[in-house]
Amino acid sequence: MKLLVTSALPYANGEIHLGHLAGAYLPADIYVKYHRLKGTDVIFICGSDEHGVPITIAAQRAGISPKELVDYYHPLIKQSFEKFGIEFDNYSRTSLSLHYQTVQNFFLQIYRRGFITPKTTSQLYCPRCKMFLADRYVEGACPSCGNNEARGDQCEQCGKWLEPFELIDPRCKICGMTPERRETVHWFFRLSQFETNLRTWLASKTHWKPNVMRFCEGWLKRGLVDRPITRDLSWGVPVPLPEAKGKVFYVWFDAPIGYISATQDWAESLGKPDLWKDYWFNPQTKLVHFIGKDNIVFHAIVWPAMLMAHDEFILPSEIPANEFLNLEGAKLSTSRNRAIWLSDYLSQYPPDPLRYALAINLPENRDVDFTWADFHSRNNNELADILGNFINRVAVFIKRYYCGKIPQLTGTDPDSENVIKMAQEIVLRIEGLIEGFQIKDAAREMMNLAAIGNRYFDHSAPWRTFSADRAQCDRTMAVCARLISMLEIITYPFLPFTSRKIAKMLHLGKRSWHDALNPVVPSELGETEILFQKLPEEIIIQERSKLESGSDNNVKNKKEPSMISIEEFKKIDLRVALVKSAERIPGTSKLLKLIIDLGKEERQIVAGIGEAYSPEAVVGKQVVVVVNLQPATIRGVESFGMLLAAVDGKQVALIRPDQDVTPGTTVT
RNA sequence: GGUGGCGUAGCUCAGCUGGCAGAGCAGUGGAAUCAUAAUCCACGGGUCAGGGGUUCGACUCCCUUCGCCACCA
């Protein structure tokens, strides 16, 4: 058997956040790591989804081309995954020319087989942006309630569903221009032809998760309609028909074909360009798509129909779709920046605690809530206190009482036998759970093994038997060492970084999953270290307030490319200023009220440097100030400008000119 | 608006085909001292969102109201 595992292609208009991880990436990675250990022939394929209107819009807003936008995000996404320990065999992207060819060939094949038909439709077109506008990119007054901000698909105020043409005074959301109605030809995929085949195929998937099955049943009951697969855009995979000049494929058509092209890309990079066929053309291959629930219809209905229409590739075997992750009791929202971004997380914490906190509470059955309090408690009370402490107490005991020599297992007793048996049962249970996509329960079982270790250690009381019954004490430690050796293997899919540390501690080499049932135990302990650092309780409050400030400020697309043009930079008026006076603002530790001299004028500004600088220390110094910043009132004190300083955590350093200049001098 | 899902202990979640309500964390009491004051033992705690129905028996099946979510048009 071969396994071809995919995770939904992340859309390259933003970074990865916790919702993505919990839905499609972490469970897939755990599943794949387990299978790699087991020796299964498995490949794990993913890549950035780089086409579609949202990307063209985001690019336009940032003043760059779509290609520049995806070139910015693709590597960021890729790196975040790597740092988090998500190990794809290939993380590709849909802007590759290889992908273009694959999509076009795929299309031509289903076109030849008669599953594509052209149809003339009427759409709104913006003459200034020179493009047809998707529903969501038209705004206007709602014909039923008069709300002036109704979107082309729905009026948010009265909830009425709309057609873009129904809007009164429609305007293009990008440039504000009034769009006109134009006729255009689009090509449709004849999804309706596949109703019977899909029904039969789905009926055989008796073991699929009920959430997936119910979605599909609902769709089939309603009847399938043909879907347009082309758009009038310049960004995307061109439609390879002479009469379709200037049209590209709809992103939902090209993206899943990315699973195929990314596999081809993988094969090429290995120097075996035909290797991908061993998977995609092989009926012995199980194709597993990890996705979030928003993608179910697509992966369980449309994509299989596309594959049936093409008729050469295998169909999905498993679609373990997850529900959604909420944050602190509310929906996460990227547009309001109410999200936890993976790169932000990784800049502060190690990957494994998050992998664990997410794995133990995956949205497998329903939407689930991620809270920082839970993360904190999982890290401190479970990873550090149960798992970390078990390993540590055994290691320290062996070091201190046995000079680091691990006693070998000789003789036995009912307790020890029982513990080993329970541990072996856990290994077998985890196997069944992971293979049945019950990752959450599997993670619980993993922690359970450490808890069993603690219980055994306590009951055996080696600190007493060491002098009273040495043989018994030897046995206890031998069994504990054995449990740690097992833990090294079974933690690997969930906590790969920790597992590697344990391996170093026990000088363990490469092993397979099955070795966990009867693991080797070395005779000597290596360097030991604390596996999990406890986190202070303050982080709960800090992280929570970060979330709230993100959404309150209504910062839109915080994560847009940081590239700006020289013109934008020139808008910032930077000047050298001399600090005339400074005083603390009562009731704050960080804030200073400064009067600065800008040559022609004096100004009052508030600066958050009070922890690093006393008022006396800044008076008489030259500093750099943004003078054309909107005035703000901070703690009741007005501020007309902003002081520049280098800030790294608590360390704050003022930016000052290398030599004194006339106050008011421009900085460029 | 249509379709589907969810609502279970203070918190986060399990409960397959109806048969005495579960886990982890938090809480309370005790034991132990090898360990990152980490562990172990015991205990308390729920009108299973509200209402109605089917049944000997309903968290589970049916209807309905409320709240939340997803998808579709």
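Letters A, B, ... are given to chains in the order of the sequence lines, protein chains preceding strands, and every chain is numbered from 1.
Screening Arg378(A), Lys534(A), Arg393(A) for a salt bridge (charged side-chain N to carboxylate O under 4.0 Å, His left out) with Asp385(A), the sole residue that qualifies is Lys534(A).
Rounded to whole Å, the separation between the C1' atoms of rC11(B) and rG46(B) comes to 14 Å. Going from the P atom of rC13(B) to that of rC40(B) covers 24 Å, rounded to whole Å. One C1' atom belongs to rC72(B), the other to rG15(B), and the distance between them is 31 Å to the nearest Å. Nucleotides rG7(B) and rC43(B) place their C1' atoms 29 Å apart, quoted to the nearest Å. Only the P atoms considered, rG24(B) is 11 Å distant from rA42(B), to the nearest whole Å. Between the C1' atoms of rU28(B) and rC16(B), the separation comes to 35 Å (whole Å). When the P atom is compared between rG22(B) and rC59(B), the two are found 13 Å apart, to the nearest whole Å. The C1' atoms of rG44(B) and rA21(B) are separated by 16 Å, rounded to the nearest whole Å.
Looking at the side chain of Arg366(A), the nearest of the listed nucleotides rU8(B), rC34(B), rU39(B) is rU8(B). Side-chain proximity of Phe457(A) to rC13(B), rU39(B), rC34(B): nearest is rC34(B).
Phosphate proximity of rU12(B) to Arg378(A): absent, as no side-chain N or O sits under 4.0 Å from OP1 or OP2. Phosphate contact (OP1/OP2 of rA38(B), side-chain N/O of Asn454(A), threshold under 4.0 Å): absent. Between Arg214(A) and rG5(B), a side-chain N or O to OP1/OP2 separation shorter than 4.0 Å is present. Look at Lys440(A) and you'll find a side-chain N or O under 4.0 angstrom from OP1 or OP2 of rA14(B).
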**Q.** Candidate pair Phe390(A) and Cys480(A), rule side chain to side chain contact (heavy atoms under 4.5 Å, CB included), full reasoning
**A.** CA-CA 9 Å; Phe390(A) 171 64; Cys480(A) 285; 4.1 Å; yes
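Within 4.0 Å (heavy atoms only), Asn365(A) reaches sugar-phosphate atoms of the nucleic acid but no base atom. Using a 4.0 Å heavy-atom criterion, one finds that Ile360(A) contacts no nucleic acid atom at all. In this structure, Lys534(A) reaches the bases: a heavy-atom distance under 4.0 Å links it to at least one base atom across the strands shown. Note on Val394(A): nothing from the nucleic acid sits closer than 4.0 angstrom, heavy atoms only. Residue contacts shown for Glu382(A) are limited to sugar-phosphate atoms, with no base heavy atom under 4.0 Å away. Using a 4.0 Å heavy-atom distance criterion, Arg455(A) is classed as a sugar-phosphate-only contact.
A donor atom on one side chain and an acceptor atom on the other are not found under 3.5 Å apart for Asp232(A) and Tyr125(A). Between the side chains of Tyr34(A) and Glu435(A), a donor-acceptor pair is found at a separation under 3.5 Å. Residues Ser122(A) and Glu183(A) have side chains that never bring a donor and an acceptor to within less than 3.5 angstrom of each other.
Each of Ile530(A) and Gly329(A) has a nearest nucleotide on RNA chain B; the 5'-most of these lies closest to Gly329(A). Closest-nucleotide positions on RNA chain B for Phe324(A) and Asn381(A) were compared, and the one nearer the 5' end corresponds to Asn381(A).
Ring-plane geometry between Phe466(A) and Tyr402(A) is classed as perpendicular, the angle between the planes exceeding 60 degrees on a 0 to 90 degree scale with a lower cut at 30.
Between the base of rA70(B) and the side chain of Asp294(A) there is no donor-acceptor pair shorter than 3.5 Å.
Residues Trp201(A) and Trp303(A) place their aromatic rings such that the two centres sit no closer than 6.0 Å.
Listed in residue order, the members of residues 461-483 of chain A having a heavy atom less than 4.0 Å from RNA chain B are Trp463(A), Arg464(A).
Pair check for rU3(B) finds rA70(B); Watson-Crick or G-U wobble, both atom distances under 3.5 Å.
Cation-pi geometry between Arg227(A) and Trp252(A) is satisfied (NZ or CZ under 6.0 Å from the ring centre, within 45° of the ring normal).
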